Amino acid sequence: MPDHSHSAFVPVSARDLIAAHGGRITRTRVAVIEALQTGQHPLSHDEIGAALNAAGIAHDRVTLYRALDWLVEQGIAQRIAGGERAWRFELQSGGDHRHAHFHCDRCGQILCLEDVPATAAPVLPAGFELARSELVLHGACADCGRQNDQTGK
């Protein structure tokens, strides 16, 4: 189980998860879900593509984008804003659990902060309807902070 998994999350096979959402079970969708299940942090498109390559799953960038878009539309995965204008993806835990993320501005790593809820929403103007929110904290991770302490920066 990945470090960013949620205690309420019950592992389900990728095929069962796709079928439960009425989707077509494709090799790419299954492989993407499995990559997200085994990832230690939210993964970028390129990291998912590399995982598929390592598993010998033939794919192209467009097919991978379509698989990720479908997973997000179905609520199976969520997009997280990463650095360099690149999305990162992780599986939804199910239920209403939402958590914050920490983005290291130095190394680009994104970590899930399970104990920091991302549920606080601002008061919106009349007529506005919130679909979702995300909380991403920025700074330096422990490793990057230690490197700065050692170099005196």
Side-chain angles (χ1 to χ4, degrees), residues 1-122 124 128-144:
M1 189 70 28
D3 290 345
H4 67 275
S5 63
H6 312 292
S7 58
F9 181 71
V10 177
V12 176
S13 80
R15 291 177 175 281
D16 290 345
L17 195 52
I18 295 166
H21 285 83
R24 204 165 48 90
I25 299 171
T26 67
R27 184 174 44 174
T28 302
R29 286 180 181 174
V30 169
V32 168
I33 291 171
E34 289 173 349
L36 293 174
Q37 286 174 327
T38 59
Q40 296 301 305
H41 55 81
L43 302 175
S44 69
H45 180 276
D46 289 342
E47 290 171 321
I48 296 167
L52 270 60
N53 287 337
I57 306 294
H59 68 282
D60 58 60
R61 292 184 68 78
V62 173
T63 302
L64 182 51
Y65 277 119
R66 286 180 182 154
L68 287 165
D69 285 345
W70 185 84
L71 293 172
V72 169
E73 288 167 8
Q74 299 304 310
I76 295 171
Q78 69 175 356
R79 282 185 186 97
I80 302 160
E84 304 296 319
R85 297 187 215 174
W87 289 110
R88 296 200 172 251
F89 300 85
E90 71 178 352
L91 291 180
Q92 291 279 37
S93 63
D96 291 331
H97 177 77
R98 299 279 186 257
H99 60 272
H101 293 89
F102 183 88
H103 179 241
C104 179
D105 293 326
R106 296 181 185 153
C107 70
Q109 179 176 213
I110 296 180
L111 301 170
C112 295
L113 302 174
E114 292 295 331
D115 296 331
V116 180
T119 56
L124 298 173
F128 283 63
E129 183 178 317
L130 182 66
R132 69 179 187 88
S133 67
E134 96 179 30
L135 175 61
V136 180
L137 306 171
H138 290 263
C141 68
D143 289 339
C144 290

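Everything quoted here is computed from the prediction, not taken from an experiment. Count residues from 1 along the sequence.
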[X] side, atom [atom1]; [Y] side, atom [atom2] - distance, nearest 0.5 Å:
X: Ile76; Y: Arg29; atom1: CD1; atom2: CZ; result: 8.0 Å
X: Leu17; Y: Leu91; atom1: CG; atom2: CG; result: 7.0 Å
X: Leu64; Y: His45; atom1: CG; atom2: NE2; result: 3.5 Å
X: Thr26; Y: Ile57; atom1: OG1; atom2: CD1; result: 10.0 Å
X: Ile33; Y: Ile25; atom1: CD1; atom2: CD1; result: 9.5 Å
X: Leu43; Y: Thr38; atom1: CG; atom2: OG1; result: 7.5 Å

Margin query: With side chain to side chain donor-acceptor pair (under 3.5 Å) as the rule and sequence neighbours excluded, what pairs involving residues 65-75 come up?
Written below: Arg61-Tyr65, Asp69-Arg79
Next item on the list: Could I get the full list of ring pair (Phe, Tyr, Trp, His ring centres under 6.0 Å) partners for His21, not counting sequence neighbours?
Entry: none
For [X], which residues count as a side-chain contact (heavy atoms from CB on, under 4.5 Å) partner, sequence neighbours excluded?
X: Asp105; answer: His103, His138
X: Leu137; answer: Phe102, Leu113, Leu135
X: Ala51; answer: Ala35

Where is the tightest heavy-atom contact between [X] and [Y], given as atom of each residue plus distance?
X: Asn53; Y: His59; result: OD1-CE1, 3.1 Å
X: Ala58; Y: Thr28; result: O-OG1, 4.4 Å
X: Cys104; Y: Cys141; result: SG-N, 3.3 Å

Check: Do Arg24 and Ile18 have side-chain heavy atoms sitting under 4.5 Å apart?
Finding: no
Notebook entry, point to check: Can you find a heavy atom in the side chain of Leu68 that is under 4.5 Å from one in the side chain of Val72?
Noted result: no
Next item on the list: Could you tell me which residues satisfy salt bridge (charged side-chain N to carboxylate O under 4.0 Å, His left out) with Glu47, sequence neighbours excluded, listed by chain and number?
Entry: Arg88
